[in-house]
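For reference, the structure discussed in these notes is given below.
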Amino acid sequence: MLDNYEWFKKEVYKLTSIDLNFYKEKQMRRRIDTLAKKNKTDSYEAYVQLLKTDKKLFEQFVNFLTINVSEFYRNPDQWKIMDETVIPKLIKEHKRPLRIWSAACSTGDEPYSIAMAFSKHMPLSNIQILATDIDKQVLEQAQAGLYNEKSIAGVPADMRRKYFTQIGNSYKISDELKKCVTFKQHNLLKDPYPRDYDMILCRNVVIYFTDEAKDEIYKKFYQTLNNHGVLFIGSTEQIINYREVGFSRLSSFYFEKNED
């Protein structure tokens, strides 16, 4: 019987530093129960014991818990706005190497996409991207930079030729593009946020959090950004109280910090 979820949440926090209180309980509990039963456990106590003693099952749990759905140039219309409006604006406002944070970057599709997008406007040496995720396993995948054809389907043909090498049925990111991106483990709900960034991408992640957690995250993003910095969110998300946080809206999914 899978009960005593409150106890389970505390044990998960001890093991992973992931606070399940910030996640919508019904949805998250259903996912966890499915995985526990898949591993032939009928109680949270037994499942926690498995997680403590089996490294592979522990990594499977963290990977399952963190939602890893990603692809290059996801939502092409939004990347067109990025290319034609947002990047030129950032370059004009800041006139120096830009600092970009891809938060909850999953398998690296997004930070590599942003590096390619900026490469049309400036040398790669002027692009500095921090890419973070709570899941160590997906960060390792991201650093490897190896993707299947479906993942890179949205990459423009010229960028695919320039920055990918086909290896069998897979595609490997070029080393020169990799150098633009630094990968680091980070928990959006727990860890300190970096400072002095010109752009933050956090897309299709906070929809899994409570409203209170969302508000806290957006306030911290605002503090992270330099003046006239831009936050890019996902097509499944909205910031209803963006004015209260301090943002102005550039377009449906782009928000600017404007303290002037």
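These numbers come from a predicted model, not from an experiment. Residue numbers run from 1 in the order of the sequence given.
Counting non-hydrogen atoms of other residues, nucleotides and ligands closer than 6.0 Å to CD1 of Ile167 gives a total above 12. Arg249 CZ: more than 12 foreign heavy atoms inside a 6.0 Å radius.
For Glu149, the side-chain contact (heavy atoms from CB on, under 4.5 Å) partners are Arg160, Tyr171, not counting sequence neighbours.
Between the side chain of Lys37 and the backbone N or O of Asp42, no donor-acceptor pair lies under 3.5 Å. A donor-acceptor pair under 3.5 Å is absent between the side-chain atoms of Gln27 and the main chain of Tyr208, judged by distance alone. Checking side-chain atoms of Lys162 against main-chain N and O of Ser174 turns up no donor-acceptor pair under 3.5 Å. Between the side chain of Ser119 and the backbone N or O of Leu124, no donor-acceptor pair lies under 3.5 Å.
No side-chain heavy atom of Val181 sits less than 4.5 Å from a side-chain heavy atom of Gln128. His121 places a side-chain heavy atom less than 4.5 Å from the side chain of Ile91. Using a 4.5 Å heavy-atom cutoff, the side chains of Glu25 and Tyr5 are in contact. Considering only heavy atoms from C-beta on, Ser235 stays 4.5 Å or farther from Gln78 through its side chain. Contact check for Asp215 versus Asn241: side-chain heavy atoms found under the 4.5 Å cut-off. In this structure the side chain of Asp33 never reaches within 4.5 angstrom of the side chain of Arg30, judged on heavy atoms. Side-chain atoms of Lys214 and Ile239, non-hydrogen and from C-beta on, never get closer than 4.5 Å to each other.
When every heavy atom of Val205 is checked against every heavy atom of Ala104, the shortest pair comes out as CG2-CB, 3.5 Å. Counting all heavy atoms, side chain and backbone alike, Val155 lies closest to Phe72 at CG2-CB, 3.4 Å. Pairing each heavy atom of Ser106 with each of Asp133, the nearest pair is N-OD2, 2.8 Å. Minimum heavy-atom separation, Asp198 to Leu98: OD2-CA, 3.5 Å. Of all heavy-atom pairs spanning Leu51 and Leu57, the tightest one is CD2-O, 3.7 Å. Contact between Gly108 and Phe183 at its shortest, heavy atoms only, is CA-CE2, 4.2 Å.
With values rounded to the nearest 0.5 angstrom, Phe255 atom CZ is found 13.0 Å from Ile200 atom CD1. Here the straight-line distance linking atom CE of Met159 with atom CD1 of Ile152 works out to 13.5 Å at 0.5 Å rounding. Taking CD1 from Ile114 and CE from Met82, the interatomic distance works out to 3.0 Å, rounded to the nearest 0.5 Å. Distance check, rounded to the nearest 0.5 Å: CG of Leu188 to CD1 of Ile217 gives 5.0 Å. Taking CE from Met116 and CD1 from Ile127, the interatomic distance works out to 11.0 Å, rounded to the nearest 0.5 Å.
Cluster membership check: Val230 shares its hydrophobic cluster with Tyr222, using side-chain heavy-atom separations under 4.5 Å among Ile, Leu, Val, Met, Phe, Trp and Tyr. Met28 and Leu189 fall within the same hydrophobic cluster, defined by Ile, Leu, Val, Met, Phe, Trp and Tyr side-chain heavy atoms under 4.5 Å apart, directly or through other members. Hydrophobic clustering (ILVMFWY, side-chain heavy atoms < 4.5 Å, transitive): Ile32 and Tyr13 are in distinct clusters. Under a hydrophobic-cluster definition in which Ile, Leu, Val, Met, Phe, Trp and Tyr are linked whenever side-chain heavy atoms come within less than 4.5 Å, directly or via other members, Leu146 and Leu139 are assigned to different clusters.
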Taking it one step at a time, do Tyr218 and Ile233 satisfy side-chain contact (heavy atoms from CB on, under 4.5 Å)? CA-CA 10 Å; Tyr218 288 136; Ile233 66 171; 4.2 Å; yes
Assess the residue pair Lys120 and Asp83 against the criterion (salt bridge (charged side-chain N to carboxylate O under 4.0 Å, His left out)); give the C-alpha distance rounded to whole Å, side-chain angles, the decisive distance to 0.1 Å, and a yes or no. CA-CA 8 Å; Lys120 292 175 65 177; Asp83 180 50; 3.3 Å; yes
Set out, in order, the CA-CA distance, both residues' side-chain angles and the distance that settles side-chain contact (heavy atoms from CB on, under 4.5 Å) for Phe118 and Asn126, then state yes or no. CA-CA 9 Å; Phe118 271 83; Asn126 285 352; over 6 Å; no
Trace of the side-chain contact (heavy atoms from CB on, under 4.5 Å) decision for Lys9 with Val12: CA-CA 5 Å; Lys9 287 191 290 186; Val12 167; 5.7 Å; no
Between Asp175 and Lys178, is a side-chain contact (heavy atoms from CB on, under 4.5 Å) present by the stated rule, with each step listed? CA-CA 5 Å; Asp175 288 341; Lys178 277 188 182 181; 4.1 Å; yes
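Using cut-offs of 30° and 60° on the angle between ring planes, the pair Tyr147 and Phe164 is perpendicular.
Side-chain atoms of Thr224 and Trp101 form no donor-acceptor pair, as typed in the model, at a separation below 3.5 Å. Residues Ser170 and Asn148 bring no donor and acceptor atom of their side chains to less than 3.5 Å of each other. Asn39 and Gln60 share a donor-acceptor pair across their side chains, judged by distance under 3.5 Å alone. For the residue pair Asn75/Arg203, the side-chain donor-acceptor check at 3.5 Å is satisfied. Side-chain atoms of Ser102 and Glu110 include a donor-acceptor pair closer than 3.5 Å.
Classification of Glu216 and Lys219 as a salt-bridged pair fails, no side-chain N sitting under 4.0 Å from a carboxylate O. Looking at Lys80 and Asp77, no side-chain N of the basic residue comes within less than 4.0 Å of a carboxylate O on the acidic one, giving no salt bridge. Glu11 and Lys14 are joined by a salt bridge, as a carboxylate oxygen and a charged side-chain nitrogen come within less than 4.0 angstrom of each other.
Each of Ile100, Leu177, Leu201 was compared with Ile129 under the side-chain contact (heavy atoms from CB on, under 4.5 Å) criterion, and only Ile100 meets it.
You'll find the ring centres of Phe253 and Phe232 outside the 6.0 Å limit. Residues Tyr44 and Phe8 bring their aromatic ring centres within 6.0 Å. Here the two rings, on Phe221 and Tyr197, have centers that are 6.0 Å apart or farther.
Legend: side chain to side chain donor-acceptor pair (under 3.5 Å) pairs involving residues 250-259, not counting sequence neighbours, sorted by first then second residue: Lys89-Glu256, His228-Glu256. Under the side chain to side chain donor-acceptor pair (under 3.5 Å) criterion, no residue pair touches residues 181-196, with sequence neighbours excluded.
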